[in-house]
Amino acid sequence: MIKKNSWVQIKKIILKPEERTGNLPEATKQVPFVMWVKGFLLEDAMLNSEVLIKTITGRNESGILVCENPSYMHTYGEFVPEILEIDRIVKTELFGGDSFE
Amino acid sequence: MNSSYDAVMSRKNEIMKSSVGINYDLYESDYISFDFEAMMSDCGFSLDEVRKIQNENGVGNTPLKECKNISALARKNAKPGYGARIFIKDEALNDSGSFKARRASMACYQAKKLGFKGVIAATSGNYGAAVASQAAKYGLKCIIVQECYDSLGVGQPEIIEKARACEAYGAEVVQLSVGPELFYKFLLLLEETKYFNASLYTPYGVMGIESLGAELIEDCIKQTGKTPEMVVCTNAGGGNLTGTARGILKTTDKKIEIVGASVNLKGLHMANDIDFNKKSFTTGHTGFGLPFMINPDRSDVPRSAGRPLRYIDRYVTVNQGEVFFITETLSALEGIERGPAGNTSLAAAFSLARELKEDQIIIVQETEYTSAGKHHQAQLAFARKNGINIFFGNPEDEIPGQSIVFPKTVDLIRAKDLDLISIKKKFIQFQMTKTKKLNNKDIQFLIEETNTDKGFVMNEIRNYNVELEEIDG
């Protein structure tokens, strides 16, 4: 159970595949048009249930409750070693062969 | 009120009119004419007023920095005596971290002045953070509408970072899956909230950049005693190039070559749910640059104030691998860590510098902030996870959506010229789909929009079945 007034994220299908606009690429035509938005939960609710929230600008939106306290999980990603090779190429070219020693 | 897709789209014009306070009908006449200059001047801000508003709100007066090591590297790959001095205008140092603060500042100022309670912008990029940041200063509510995830809820790290930044500045972020129906939700939100449409493409969004054009000329004269030969602008929707060029024209009589640069994303469809996460650049690419140049009025307002064909002298593309390479080079050789999208024009400038002499000057007119998600390391890691093949070779072999090719050697960084004449012809072709008749004013409009002459336009319209009224000569 997630408590009323918790900060949550909801998900809502805005247009089903058959309601989407024409002239879309095949891959897009086959999937629904979906919205995610965050706000304060207006009533106690279970995860994955249909809920109403109040967004930070004070609007009401309804949708499926997908997450409590949604986090920012993006990072610098897994290391890409080729980046070191770029440094080697440009430093060697500009400063000479021993710039990495 | 009926909120079905068709019903909302049919109310588009009235929603637009009340949400930007501009009656676009006033500037349309004859068969296809549109009075761009009248629309810009009716908005009532002089360049000095723009600068004053921006200076008071954390925007503008960014440093112009000479990239001496990058210039030296370009010279190593140029004919003797060639290899221009490369400068960057470090726009990452605006509040919110990009030149988009200039655009947002004027939109938010105007929204406040007209008494709107809030602002809405449809953007997945730096503009969202810029609007949110400026809205915070004016005490305006703010909603940013993002195309963010594919249908599985997977999003580009860059866009997710932007959502975080917008929320940090107090905005509500409405995140959507891939598709042009974003515009439908955008209209619904405008109708529901009655907020100001802080579109990138209103006159405010473009005049805000004129200060950038003015500053870079003034800074360059102050630091070097002369004007630059070339200014390179990353080009997507066209507003950046338009505003910068207009600011330059208002500041100097000297002829300065205006070059647009976009990342080549040929073959990737912008509205494709699968292609969405196969690209490593969410802006500054040809997927926006070309369609917006051929039809600038495809934006989120009835008439766009970004009209790049009026000002562009040359349009080049660079590959994703080249931009990532030069982004890392900026860190490694200049000690300046910035985001990749803003470095699109730096990659182009690095290549173009070899065409100019050593004492000539190229200015790259923007940089953008970087951070987790918005860093080239994050973008490359995400690409690799999505099956993109990343390797060293010839960037010409890069296939957007399949590979990212870093140049094996520095001399392989080569900006490619696009054929501007054929783009101008396509612009005219699109205009001809709108009418079967033209008059003198329409011809003049086409001349101004394509920055050509009567001979070019008359020769081109002969290819179409249009009736000419009152044509003299």
Side-chain angles (χ1 to χ4, degrees), chain A residues 7 9-17 19-39 53-61 66-67 70-95 99-100, chain B residues 5 69 72-73 76 118 141-143 148-151 153 157 160-161 163-164 167 170-181 184-185 189 192-193 269 271-275 324-325 328-329 331-333 372-373 375-382 384-385 390-392 406-410:
Chain A
W7 182 247
Q9 184 175 38
I10 60 164
K11 175 181 175 178
K12 183 183 189 175
I13 290 178
I14 295 184
L15 297 168
K16 295 182 196 129
E19 293 169 331
R20 300 199 67 162
T21 179
N23 201 21
L24 284 176
E26 238 3 85
T28 315
K29 225 181 268 178
Q30 290 166 5
V31 293
F33 184 57
V34 186
M35 172 182 79
W36 293 262
V37 66
K38 296 172 189 173
I53 61 165
K54 190 177 272 298
T55 70
I56 205 82
T57 64
R59 295 187 315 112
N60 285 351
E61 282 276 6
V66 291
C67 183
S71 304
Y72 305 110
M73 302 302 285
H74 58 294
T75 68
Y76 286 87
E78 282 175 32
F79 190 68
V80 177
E82 285 84 352
I83 289 174
L84 291 171
E85 177 63 9
I86 297 174
D87 288 14
R88 194 197 63 76
I89 290 171
V90 297
K91 288 190 174 181
T92 306
E93 173 108 16
L94 188 63
F95 301 123
S99 65
F100 252 60
Chain B
Y5 183 81
N69 285 334
L73 188 65
K76 290 222 166 220
K141 291 189 176 188
C142 178
I143 300 176
C148 183
Y149 297 114
D150 66 13
S151 57
I160 293 171
E161 156 56 19
R164 183 207 61 79
E167 289 182 351
E172 173 185 336
V173 183
V174 173
Q175 298 181 302
L176 299 168
S177 61
V178 180
E181 297 99 329
Y184 158 69
K185 181 64 190 174
L189 285 166
E192 178 190 342
T193 61
H269 195 297
N272 187 309
D273 193 63
I274 293 169
D275 286 357
F324 287 131
F325 187 98
E328 178 59 21
T329 303
S331 296
L333 295 186
H375 192 274
H376 51 295
Q377 158 67 49
Q379 294 288 312
L380 287 164
F382 183 74
R384 184 158 271 167
K385 217 168 158 183
I390 299 170
F391 59 93
F392 285 89
F406 296 135
K408 194 170 56 186
T409 51
V410 172

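All of these numbers come straight from a predicted model, not from anything done at the bench. Order of the sequence lines fixes the chain letters, A, B, ..., with proteins taken first and strands second; residue numbering starts at 1 for each chain.
In this structure, no portion of B:Gln379 lies under 4.5 Å from any heavy atom of chain A. Using a 4.5 Å cut-off between heavy atoms, A:Tyr76 contacts chain B through both its backbone and its side chain. In this structure, chain B has heavy atoms under 4.5 Å from both the backbone and the side chain of A:Thr21. For a residue to count as touching a neighbouring chain, one of its non-hydrogen atoms must lie under 4.5 Å from one of that chain's; by this rule A:Glu26 does not touch chain B. The part of A:Leu15 that comes within reach of chain B is its side chain, from C-beta onward, which places non-hydrogen atoms under 4.5 angstrom from that chain. Of the two parts of B:Lys408, only the backbone, made up of N, CA, C and O, holds a non-hydrogen atom closer than 4.5 Å to a non-hydrogen atom of chain A.
Contact check for A:Val80 versus B:Arg384: side-chain heavy atoms found under the 4.5 Å cut-off. Using a 4.5 Å heavy-atom cutoff, the side chains of A:Asp87 and B:Ser331 are not in contact. B:Ile143 has its side chain out of reach of A:Thr55: every pair of non-hydrogen atoms, C-beta onward, lies at least 4.5 Å apart. Counting only heavy atoms from C-beta outward, the side chains of A:Met35 and B:Val174 approach each other to under 4.5 Å. Side-chain contact check for A:Ile89 versus B:Phe406: every heavy-atom pair is 4.5 Å or farther apart. B:Leu333 has its side chain within reach of A:Phe95: a pair of non-hydrogen atoms, C-beta onward, lies under 4.5 Å apart. Between A:Ile86 and B:Phe324 there is no side-chain heavy-atom pair separated by less than 4.5 Å.
Residues B:Val178 and A:Arg20 approach most closely at O-NH2, 2.9 Å, considering heavy atoms. Annotation for A:Leu24 and B:Pro180: closest pair CD2-CD, 3.3 Å, computed over non-hydrogen atoms. Between B:Asp273 and A:Ala27, the closest heavy-atom pair is CB-O, 3.7 Å. For the pair A:Leu94 and B:Leu73, the tightest heavy-atom approach, listed with the atom from each and the gap, is CD1-N, 3.8 Å. For the pair B:Ser177 and A:Pro32, the tightest heavy-atom approach, listed with the atom from each and the gap, is OG-O, 3.7 Å. Scanning all heavy atoms of the two residues, the minimum distance from B:Ala372 to A:His74 falls at O-CD2, 3.3 Å.
Contact count versus chain A (heavy atoms, under 4.5 Å) is highest, among B:Lys141, B:Gln175, B:Gln377, for B:Gln377. Per-residue heavy-atom pair counts under 4.5 Å with chain B were compared for A:Asn23, A:Val31, A:Thr57, and the maximum is reached by A:Thr57. Ranked by heavy-atom pairs shorter than 4.5 Å toward chain B, the options A:Glu78, A:Glu82, A:Glu85 are led by A:Glu82.
We find that A:Arg59 and B:Glu172 are joined by a salt bridge, their nearest charged nitrogen and carboxylate oxygen being less than 4.0 Å apart.
The CD1 atom of B:Ile160 sits 11.0 Å away from atom CE of A:Met73, with the distance rounded to the nearest 0.5 Å.
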